[in-house]
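Working notes, beginning with the structure itself.
Just so you know, these numbers come straight off a predicted model, no measurement behind them.
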Amino acid sequence: MTLPVFGHTNPDTDAITSAIVYASLLSRLGVTAKAYRLGDLNNETSFVLKTAGVEVPDLLEALPEGTEVALVDHNESGQSISGLSGLKVTRVVDHHKLGDLSSKDPLYLRFEPVGCTGTILGKLYREHNLPIEGWEARLMLSAILSDTLHFRSPTTTDTDREMGVYLAQIAGVTDIKAYALEMFAAKSDLGDTPADKLLKLDYKVFPFGGKQYGLGVMETTNPGYALGRKAEILEAMKQEKAAKNLEGVFFSVVDILEETNQTFVLDDAHAEVIKGVFGADTQDNVADLGNRISRKKQIVPAFEKYFG
Ligand SMILES: [Mn+2]
């Protein structure tokens with residue numbers, strides 16, 4: 001049996017590359033594994049795979065009940081393949097907080113509070129004394145640069161920095177900053193992407209106070225692009241809220257270079273939440289959330305604290 005390995009829905013670079021790299025690592029350890037994706041690639045991830053000469057993983061839509069699977073870069077059912085609770089999760093490599101995962105049997109779990117799943121995978125190669133191929137190193141490095149916003153996100157740890165430099169040497173990336181900027185430029189090149197796709201570029205649903213909230217983030221070097229399409233994006237947020245029966249939907253435009261966060265706010269009820277959670281005022285459907293650039297470390301915990 002081939003073990004499917006996949007990251008979260010609305011995949012980012014870490015979700016995709018970690019599935020590919022972990023499947024490769026497992027195969028070298030004698031576990032037949034195949035990487036999949038749970039959604040379309042963003043432009044940054046497409047750039048990374050192309051640069052590394054790696055093929056796009058197949059799309060996975062459903063699996064028969066009881067199938068054994070390995071998860072990377074997530075563990076919450078709300079961010080995974082539908083029907084996850086009916087599958088048999090045998091392995092998880094992740095750097096997020098524990099969600100609603102449970103199991104009937106013992107399983108392999110590797111969680112570390114670092115900035116990226118790629119960092120943990122790099123450590124696994126070392127622990128198994130396996131040489132890292134150039135393309136594997138490039139994928140892990142790319143994930144680290146993506147998740148840590150070139151080591152600037154508050155989620156970044158010394159381990160991520162050390163691993164990034166180590167992997168860059170193997171990948172033959174001599175100028176890490178220049179490569180990160182190339183990745184971010186690819187990510188920011190959104191052309192005429194439909195507004196609902198912009199909302200879902202990096203979008204996750206979280207339970208706060210027993211209710212569901214959708215939090216989208218656009219990490220970009222060109223925030224003016226999103227601001228110019230504010231009306232369309234607000235409409236997409238409104239439709240998403242109704243379609244998924246959510247209590248709220250927010251969309252943060254994060255300027256990767258300036259380290260600022262301008263969050264789109266649908267209406268007065270949403271503005272009240274933003275005021276309560278961050279103490280921020282809303283003007284023309286936009287709240288300035290200052291330098292809160294990490295959803296994981298600065299946005300989600302603030303919501304959780306507010307809703308207790
Ligand atoms: Mn990640």
Side-chain angles (χ1 to χ4, degrees), residues 1-9 11-41 45-75 79-81 84 87-96 101 103 105-112 114 116-147 159-160 163-164 166-173:
M1 280 291 283
T2 300
L3 182 70
V5 183
F6 49 87
H8 53 81
T9 52
D12 58 9
T13 295
D14 192 26
I16 296 293
T17 60
S18 289
I20 296 169
V21 171
Y22 192 42
S24 175
L25 171 66
L26 285 174
S27 299
R28 280 152 76 180
L29 294 174
V31 178
T32 312
K34 179 172 160 43
Y36 288 92
R37 62 186 166 91
L38 298 188
D40 294 336
L41 303 195
T45 312
S46 297
F47 167 81
V48 166
L49 295 192
K50 205 176 284 175
T51 309
V54 173
E55 281 191 24
V56 176
D58 290 338
L59 181 69
L60 189 62
E61 289 183 287
L63 285 169
E65 206 171 313
T67 305
E68 293 193 356
V69 297
L71 309 183
V72 291
D73 198 36
H74 77 298
N75 67 86
Q79 298 165 8
S80 197
I81 192 167
L84 181 71
L87 303 178
K88 187 174 177 189
V89 178
T90 60
R91 294 168 176 273
V92 186
V93 180
D94 193 11
H95 67 125
H96 294 90
L101 187 72
S103 76
D105 299 294
L107 67 162
Y108 177 88
L109 294 176
R110 180 67 179 257
F111 283 65
E112 288 195 38
V114 292
C116 179
T117 306
T119 301
I120 307 172
L121 293 173
K123 290 178 76 171
L124 286 174
Y125 273 87
R126 281 181 174 169
E127 289 166 18
H128 288 287
N129 280 314
L130 284 171
I132 300 174
E133 302 287 337
W135 65 270
E136 292 171 323
R138 181 176 286 268
L139 293 189
M140 288 185 269
L141 168 67
S142 302
I144 293 169
L145 294 173
S146 174
D147 266 14
T159 311
D160 299 303
M163 188 58 74
Y166 172 73
L167 293 168
Q169 284 167 353
I170 299 169
V173 174

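How far CD1 of I81 is from OG1 of T9: 10.5 Å, rounded to the nearest 0.5 Å. Taken to the nearest 0.5 Å, the CG atom of L87 stands 13.0 Å off from the OG atom of S103.
Side-chain atoms of N75 and V89, non-hydrogen and from C-beta on, never get closer than 4.5 Å to each other. Between I144 and M163, some side-chain heavy-atom pair lies under the 4.5 Å cut-off.
Distance alone, capped at 3.5 Å, places no donor-acceptor pair between the S146 side chain and the S142 backbone.
Across all their heavy atoms, G7 and A19 have their closest contact at N-CB, 4.2 Å. Minimum heavy-atom separation, D40 to P11: O-CG, 3.5 Å.
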Would you please test H74 and S80 for side chain to side chain donor-acceptor pair (under 3.5 Å) and show each step? CA-CA 8 Å; H74 77 298; S80 197; 2.8 Å; yes

Steps toward side chain to side chain contact (heavy atoms under 4.5 Å, CB included) verdict (S27, T32): CA-CA 5 Å; S27 299; T32 312; 5.7 Å; no

Side-chain donor-acceptor pairs of residues 129-138 under 3.5 Å, sequence neighbours excluded:
from	atom 1	to	atom 2	distance (Å)
E136	OE1	R28	NH1	2.9
E136	OE1	E133	N	2.8
E136	OE2	S24	OG	2.6
E136	OE2	R28	NH1	2.8
E136	OE2	Y125	OH	2.8

Report, one line per pair, each donor and acceptor closer than 3.5 Å where one atom sits in a side chain of residues 52-72; sequence neighbours left out.
from	atom 1	to	atom 2	distance (Å)
D58	OD2	K34	NZ	2.9
T67	OG1	P64	O	2.5

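For T119, the side-chain hydrogen bond (donor to acceptor under 3.5 Å, both in side chains) criterion is met by D160, not counting sequence neighbours. Under the rule for a side-chain hydrogen bond (donor to acceptor under 3.5 Å, both in side chains), the partners of D147 that lie at least two apart in sequence or sit in another chain are H95. When the side-chain hydrogen bond (donor to acceptor under 3.5 Å, both in side chains) test is applied to T45, the partners found at least two apart in sequence or on another chain are T13, N42. Every side chain to side chain contact (heavy atoms under 4.5 Å, CB included) that V31 has, sequence neighbours left out, goes to L3, L26, R91. A search for side-chain hydrogen bond (donor to acceptor under 3.5 Å, both in side chains) contacts involving T117 returns D14, D73, not counting sequence neighbours. Considering only residues two or more places apart in sequence or on other chains, E127 meets the side chain to side chain contact (heavy atoms under 4.5 Å, CB included) condition with R110, K123, L124. Shown here are the side chain to side chain contact (heavy atoms under 4.5 Å, CB included) partners of L109, two or more places apart in sequence or in another chain: V92, L101, L107, F111.
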